Amino acid sequence: MLIFSAMSRKLYSLRMHATCEGGHLSGAERLAVGEELEGLAAALVRRALGHPKGTADAIRLTVEALSSAEVRTGRLPDLRTVAVADWRAGRAAALRYLVEAGVSRGAAREAMEALARGAAPGGGSMRGAMLIDAESGARLEPDPARGVRVSRMDLSPKARAELQQKLGALGIDNAHVREALVLAAKVLLVPGIVAELCWSDDPDYTTGYVATPTAGYVRFTELKPLGEERGGRAFFLKRDGRDLGAVIEFLERAPLLIDEIGDLGGVTVWEG
Ligand code: AMP
């Protein structure tokens, strides 16, 4: 494995986006040094071609050099798990965490309903996330089919190895958890974002999470029924006069390299 320092080696952003029948199928975001790009690009093409929702009919890879001065470093949120009996209990538990984080009950409910019916116009999956006013529940993202795509973030090789080892000990070392932790770390850096809600659009993966600045990354063992292809993400923003353009610019463009992992562990059983 290559050891690099964001400050001393040229870092590239590698992004993959795959579509099937014109809709979003799969996406991925990595940061890497030059020697790693070929292997990573091949792995991302393989991933797009093996997606459980279908076979890609277009795959776009984008590679861009980043200036080392713009790469900031950060830490993953702490992770814990709430074990729930089924997806309905999971959504009730997730709702409580969202409300505790400062999201209005109405906004949290509307976001869940949007994810359940497919948040893109016409009911499909969005490529990115909904950006939601935490009080009114209004959708703020400029393009509701695309959403806001969080990009240009990854783990350093050392943090990745440590994370894999620790997640492995908990029996949850998979790409869903690793990538979602990194994404949530970036989302939680945005001033005004009080929570994120996610469940996957992968029909075989029913675990979802709520991430908040105080609770960290909280997994719910079930947030949707098995076989359900609709999923997505919602970022809840306390607007307080904030410049939406700056929020979106940070999420989509500011490079973030995670070099420190958070505390991992702790399972609680949800009793309603
Ligand atoms: P996944 O966890 O990869 O199954 O993604 C579930 C959903 O989350 C996708 O359908 C998108 O709507 C959204 N999503 C995935 N990756 C991102 C990202 N980098 N930024 C924003 N939203 C994303």
Side-chain angles (χ1 to χ4, degrees), residues 13-31 43-44 47-48 50-54 56 59-62 79 94 111-132 139-155 172 174-190 193 195-211 217 219-220 222-237 247-256 258:
S13 150
L14 169 62
R15 305 197 298 282
M16 180 275 284
H17 181 221
T19 53
C20 182
E21 292 165 10
H24 168 77
L25 177 68
S26 174
E29 324 286 330
R30 299 298 304 266
L31 300 182
L44 293 184
R47 172 166 158 171
H51 198 279
K53 275 176 69 175
I59 305 170
R60 199 163 48 226
L61 291 176
T62 307
L79 171 147
M112 286 194 188
E113 281 162 18
L115 291 186
R117 65 172 179 263
S125 277
M126 295 166 71
R127 178 177 168 198
M130 297 184 282
L131 186 59
I132 292 182
R139 299 262 300 255
L140 305 172
E141 71 277 12
D143 177 348
R146 180 182 180 277
V148 178
R149 180 92 197 163
V150 188
S151 189
R152 296 175 172 81
M153 68 286 184
D154 206 343
L155 295 153
I172 53 169
N174 61 61
H176 288 287
V177 177
R178 290 194 302 269
E179 291 175 9
L181 270 169
V182 174
L183 189 151
K186 187 166 179 198
V187 169
L188 295 179
L189 282 177
V190 179
I193 290 197
E196 177 192 353
L197 166 70
C198 169
W199 65 79
S200 176
D201 51 18
D202 177 340
D204 303 325
Y205 192 73
T206 56
T207 303
Y209 68 88
V210 167
Y217 178 102
R219 304 168 64 237
F220 302 93
E222 308 287 331
L223 267 192
K224 69 169 195 179
L226 189 64
E228 174 58 78
E229 293 198 343
R230 286 165 296 192
R233 284 185 155 84
F235 306 149
F236 296 93
L237 180 72
V247 168
I248 295 171
E249 168 80 13
F250 178 84
L251 288 168
E252 297 200 329
R253 300 205 62 89
L256 173 69
I258 299 292

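Hydrogens, waters and symmetry mates are skipped; everything else that's a heavy atom, side chains included, is used. Since the model is a prediction, treat every value here as computed from it, not as a measurement. First listed ligand is number 1; within each ligand, the first listed atom is number 1.
Summarising the contacts of atom 14 (N) of ligand 1 with R15, E196, M130, R233, the nearest heavy atom is found in R233.
A donor and an acceptor atom, one from each side chain of S13 and R15, are located under 3.5 Å apart.
Nearest heavy atoms, A28 versus R149: N-NH2, 3.5 Å. Closest of all the heavy-atom pairs between E196 and L183 is OE2-CD2, 3.5 Å. For W199 against A116, the heavy-atom pair with the smallest separation is CZ2-N, 3.8 Å.
For atom 17 (C) of ligand 1, the closest heavy atom belonging to the protein is R149 NH1, 3.4 Å. Nearest protein heavy-atom neighbour of atom 9 (C) of ligand 1: D201 OD2, 3.5 Å. At the top of the distance list for atom 19 (N) of ligand 1, counting protein heavy atoms only, stands V150 O, 2.8 Å.
Heavy-atom separations between V148 and ligand 1 include at least one value shorter than 4.0 Å.
Annotation: the span from E222 atom CD to T206 atom OG1 amounts to 3.5 Å, rounded to 0.5 Å. In this structure, CG in D204 is found 11.5 Å from NZ in K53, a value given to the nearest 0.5 Å.
Residue-to-ligand polar distances keep G232 apart from ligand 1: every N/O pair is separated by 3.5 Å or more. Here's the thing with M153: none of its N/O atoms is less than 3.5 angstrom from an N/O atom of ligand 1. Any N or O atom pair closer than 3.5 Å counts here, and W199 shares no such pair with ligand 1. Annotation: S200 places an N or O atom under 3.5 Å from an N or O atom of ligand 1; distance criterion only.
Using a cut-off of 4.0 Å between Lys/Arg side-chain N and Asp/Glu carboxylate O, R47 and E179 are scored as salt-bridged.
Atoms of ligand 1 lying under 4.0 Å from any heavy atom of M126, numbered from 1 in the order shown and given with element: 9 (C), 10 (O), 11 (C), 12 (O). Residue L183 has at least one heavy-atom neighbour below 4.0 Å for each of these atoms of ligand 1: 17 (C), 18 (C), 19 (N), 20 (N). Those atoms of ligand 1 that come under 4.0 Å of a heavy atom in R127, given as number and element, are 11 (C), 14 (N), 23 (C).
Within the cation-pi definition used here (under 6.0 Å to the ring centroid, within 45° of the axis), K224 does not qualify as a partner of Y205.
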